[in-house]
Amino acid sequence: MSPGSPSTALPSTPPEPSAELARTRATELFGWGRTAPTGADLRRPTSAIELRRALPDANPRGLLARGLGRSYGDAAQNSGGRVIETIDVASFTVHEAIEGADHVLVTADAGASIDRLLHSLVPQGLFVPVTPGTRYVTVGGAIAADIHGKNHHRKGSWCDHVESLRLQLADGSVVDIGPNSDPELYWATAGGMGLTGVILDATFRCPRIGSSRLLVDTDRAPDLDTVVELMATGDADYDYSVAWIDLMATGASMGRSVLTRGRFATAEEVGASSSADPFDYRAGVIASAPPFVPGGLLNKLTVRAFNELWFRKSPKLRRDELQTIPTFFHPLDMVGGWNRIYGPGGFLQWQFVIPFGTEATLRRIIEELSAAGCTSFLAVLKAFGPSNESPLSFPAPGWTLALDIPTGVSGLATLLDRLDDMVVEAGGRIYLAKDSRVRAELVPQMYPRLDEWRAIRERVDPQRRINSDLARRLSL
Amino acid sequence: MRDALGAVQSVLVLGGNSDIALAIVDRLVEGRTRKVVLAVRRPESAQSTIDRLTAAGVAAEAIAFDALRTEEHSRILGDAFAKAGDFDLVISAFGMLADQDALDADPLYAVTVINANFTGAVTSGLIAADLLRKQGHGTLMMITSIAAVRGRADNFLYGATKAGQDLFSQGLGDSLVGSGVRVVVVRPGFVHTKMTEGLKPAPFATTVDKIADDVIAGFSKGRETIFAPSILRYVFALLIHAPRIIWRRLGG
């Protein structure tokens with residue numbers, strides 16, 4: 001379209017030559033919440049060499065690496081630019097054991113998933129340093145979002161366990177970085193949402209485990225104060241801790257929760273109840289959500305009933321129950337594509353952390369959510385431990401709450417805007433890997449070291465050849 | 001970028017003095033919208049709107065755009081995108097009513113109406129769609145009319161141009177599936193605006209504010225066709241099948 005071209009020469013045909021179009025696979029991508037799809041030139045390299053070639057010839061809207069697409073919002077989208085799915089380059093090596101060490105080093109391609117790792121590691125008596133509520137995340141995504149799990153209060157987040165990683169920068173060069181080698185760039189990459197470069201592979205410490213079972217204690221808490229008290233006083237005794245909280249309960253039972261905490265059992269502890277291999281690991285998908293689900297299946301009535309049932313079936317108090325890894329860590333993974341049950345409108349997740357000492361704000365937020373009757377399935381409450389050196393990493397000492405909400409809930413936008421303000425006022429923040437709607441102007445307040453991170457991004461990618469819709473939406 | 005709840009951050013309005021479009025913009029800036037470009041025939045005519053938006057903390061600007069000068073559309077839209085960066089929403093809101101007396105006096109007057117309402121909407125629509133496709137996201141909102149659904153004795157030329165624009169927009173939207181770009185067709189009913197001043201109101205006549213509320217509601221939900229007021233969707237689901245003799249009597 002040249003300026004002043006006659007009206008007969010309007011773009012009735014696409015401007016690119018057809019050869020270029022044939023090579024390009026234009027696809028709409030969205031996040032786990034299935035909202036706000038955007039178009040991109042999607043590539044799925046099958047070799048490390050091919051993966052490294054994807055960056056140099058990307059168009060001016062740049063390139064972004066994408067793993068298994070478990071970010072809820074637009075973190076793994078790059079509208080109008082290129083997106084490379086890394087999941088076919090997914091090999092990994094378990095290094096030789098170091099005498100006397102409680103861990104073993106593993107080097108994995110960015111596209112390797114925790115699912116694949118566990119199938120190999122657990123039978124060898126090893127586990128991943130950190131796992132979120134799903135095992136369908138890649139090593140690259142784990143670093144980019146600096147993911148956390150039930151052991152954050154003791155072990156920190158994923159990037160606290162990385163020795164080194166290889167990063168392809170915007171200029172095509174590859175650098176080897178880690179906490180001891182260009183720590184500035186390493187910590188900007190940790191939680192950097194994939195915006196400092198393309199993570200190629202990483203070496204991280206995987207802890208030894210005594211068996212593939214967990215010894216789990218369950219406490220049913222009738223209200224918010226009880227669960228907060230239980231966690232504040234007892235979490236230190238457990239490696240893993242998380243509470244499932246019923247946000248639809250109101251009145252005296254507001255904030256009622258089921259707290260499950262545990263640690264890996266030793267082979268002897270498993271031996272008492274099971275004749276099988278102590279490192280037996282089977283994890284699969286036992287059901288799939290149907291390909292199309294009409295909207296409105298999850299309404300106040302059905303969700304309230306589900307939450308009620310779930311709360312009642314949980315034991316009031318149980319000690320030393322043996323559970324498998326999938327049951328304890330990844331219960332939702334048993335249903336494939338469960339994100340479809342929210343219907344065509346999709347859903348979002350809202351997750352924040354606010355410091356210890358601001359429990360009054362936690363209570364007010366839960367009150368507001370209960371009062372709004374948000375059709376939210378069980379939400380997750382956890383007490384975080386110390387944060388790390390990353391300027392954009394989410395976890396910080398305090399209370400984190402995560403909840404899923406269908407987008408169709410009326411008044412949701414203004415409700416969440418109000419709650420965001422309460423989070424900021426309390427000195428907290430929301431999790432970028434989950435975000436799909438926060439106000440851009442709040443991000444510098446939530447992440448006071450944002451400018452520090454921007455300076456490092458400017459250093460390694462002044463032309464913004466690595467970009468994402470999240471970065472555009474939030475003006476990162 | 002459009003967010004998960006349908007809020008947009010930047011808007012380009014073609015026909016930026018349209019009462020309906022401005023009422024939509026007013027609602028958008030209450031949400032996430034912080035950048036507004038109004039494309040109008042005479043930029044100085046939009047100055048009061050620009051001042052109002054700027055005072056509200058919005059980066060607002062008026063640029064010169066004439067629906068009839070189709071040869072300029074490519075340059076004007078290209079420049080607007082190049083200067084402002086991405087647009088999450090482009091609203092095509094320009095148009096003129098056909099003055100029946102002028103048409104009776106000179107059939108060639110129809111050419112002007114057709115060029116303004118149809119040709120101009122097509123050229124600027126194609127160009128906007130192409131720019132949106134390149135950025136991989138965005139919505140093109142085409143404001144057509146309920147008059148596009150059935151012809152009426154007192155405004156058949158206007159209705160015909162709007163019908164053309166409506167059908168064009170539907171097909172354009174379907175051609176963009178998979179690109180990240182959406183085309184939304186908005187069909188307002190009779191609205192009391194400066195364009196309809198002095199005309200006899202049709203049934204279900206309504207205000208600009210009501211129209212804008214219904215447009216925002218439909219847009220946030222991701223509707224592809226928005227009737228405003230929304231009741232017209234159901235009214236016209238029936239009226240479309242009414243025999244012409246009945247339609248004529250209803251239409252007056």
Side-chain angles (χ1 to χ4, degrees), chain A residues 1-12 14-16 26-31 33-41 59-61 72-74 77-81 344-349 407-409 412-414 416-417 435-441 468-475, chain B residues 1-10 30-35 57 68-79 81-82 85-86 88 115 119-120 122-139 172 175-182 216-217 220-223:
Chain A
M1 289 183 292
S2 59
S5 58
S7 53
T8 48
L10 280 163
S12 56
E16 290 91 351
T27 313
E28 278 187 11
L29 294 170
F30 42 64
R34 301 168 63 85
T35 54
T38 59
D41 156 22
N59 74 20
R61 292 181 72 88
Y72 280 72
D74 47 11
Q77 293 168 227
N78 181 26
S79 57
F347 70 112
L348 58 83
Q349 185 168 89
T407 54
V409 171
L412 185 59
T414 48
L416 291 180
D417 280 352
D435 178 60
S436 57
R437 35 71 43 205
V438 76
R439 302 207 284 300
E441 54 264 37
S468 73
D469 288 354
L470 177 93
R472 292 188 180 96
R473 181 169 54 84
L474 299 181
S475 304
Chain B
M1 300 297 305
R2 181 184 173 118
D3 77 12
L5 298 174
V8 291
Q9 297 177 309
S10 51
E30 283 169 18
R32 297 283 193 268
T33 303
R34 294 291 174 272
K35 183 164 69 185
L68 292 171
R69 301 171 77 154
T70 50
E71 71 282 1
E72 294 177 353
H73 289 180
S74 179
R75 175 184 56 79
I76 291 169
L77 268 71
D79 286 354
F81 273 73
D86 291 7
D88 302 338
N115 283 343
T119 316
V122 166
T123 54
S124 59
L126 285 171
I127 291 157
D130 189 54
L131 289 162
L132 292 174
R133 192 181 57 74
K134 286 201 179 93
Q135 70 178 26
H137 71 103
T139 302
L172 179 65
S175 80
L176 288 164
V177 165
S179 69
V181 180
R182 302 281 181 273
I216 293 290
S220 305
K221 279 188 207 142
R223 280 258 164 90

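Below, chain A is the first sequence line, B the second, and so on; all start at residue 1. The analysis underlying the following values was restricted to heavy atoms, covering all of them including side chains, and did not include hydrogens, waters or symmetry mates.
Between B/His137 and A/Gln77 there is no side-chain heavy-atom pair separated by less than 4.5 Å.
Taking CG of B/Leu5 as the reference point, atom OG1 of A/Thr35 lies at 8.0 Å (rounded to 0.5 Å). The CZ atom of B/Arg182 lies 4.5 Å from the CD atom of A/Glu28; values are rounded to the nearest 0.5 Å. Going from atom OG of A/Ser475 over to atom CZ of B/Arg34 covers 11.0 Å, rounded to the nearest 0.5 Å. Taken from CZ in B/Arg2 to OG in A/Ser79, the straight-line distance is 13.5 Å, to the nearest 0.5 Å.
Between A/Leu348 and B/Ala4, the shortest heavy-atom contact is CD2-CB, 4.5 Å. Counting all heavy atoms, side chain and backbone alike, B/Met1 lies closest to A/Arg472 at CG-CB, 3.8 Å.
Both the backbone and the side chain of B/Gln135 come within less than 4.5 Å of a heavy atom of chain A. Of the atoms belonging to B/Val122, not a single heavy atom falls under 4.5 Å from chain A.
Crowding of A/Arg439 atom CZ: a count of heavy atoms from other residues, nucleotides or ligands under 6.0 Å exceeding 12.
Every ring pair (Phe, Tyr, Trp, His ring centres under 6.0 Å) that B/His73 has, sequence neighbours left out, goes to B/Phe65. Here B/Thr119 pairs with B/Asn115 under the side chain to side chain donor-acceptor pair (under 3.5 Å) rule; sequence neighbours left out.
Considering only heavy-atom pairs separated by less than 4.5 Å from chain B, the leading option among A/Asp469, A/Leu470, A/Thr414, A/Leu474 is A/Asp469.
Ion pairing between a basic and an acidic side chain is recognised when a charged N comes within 4.0 Å of a carboxylate O; B/Asp86 and A/Arg61 show such pairing. For the pair A/Asp417 and B/Arg32, the salt-bridge criterion is met [side-chain N within less than 4.0 Å of a carboxylate O].
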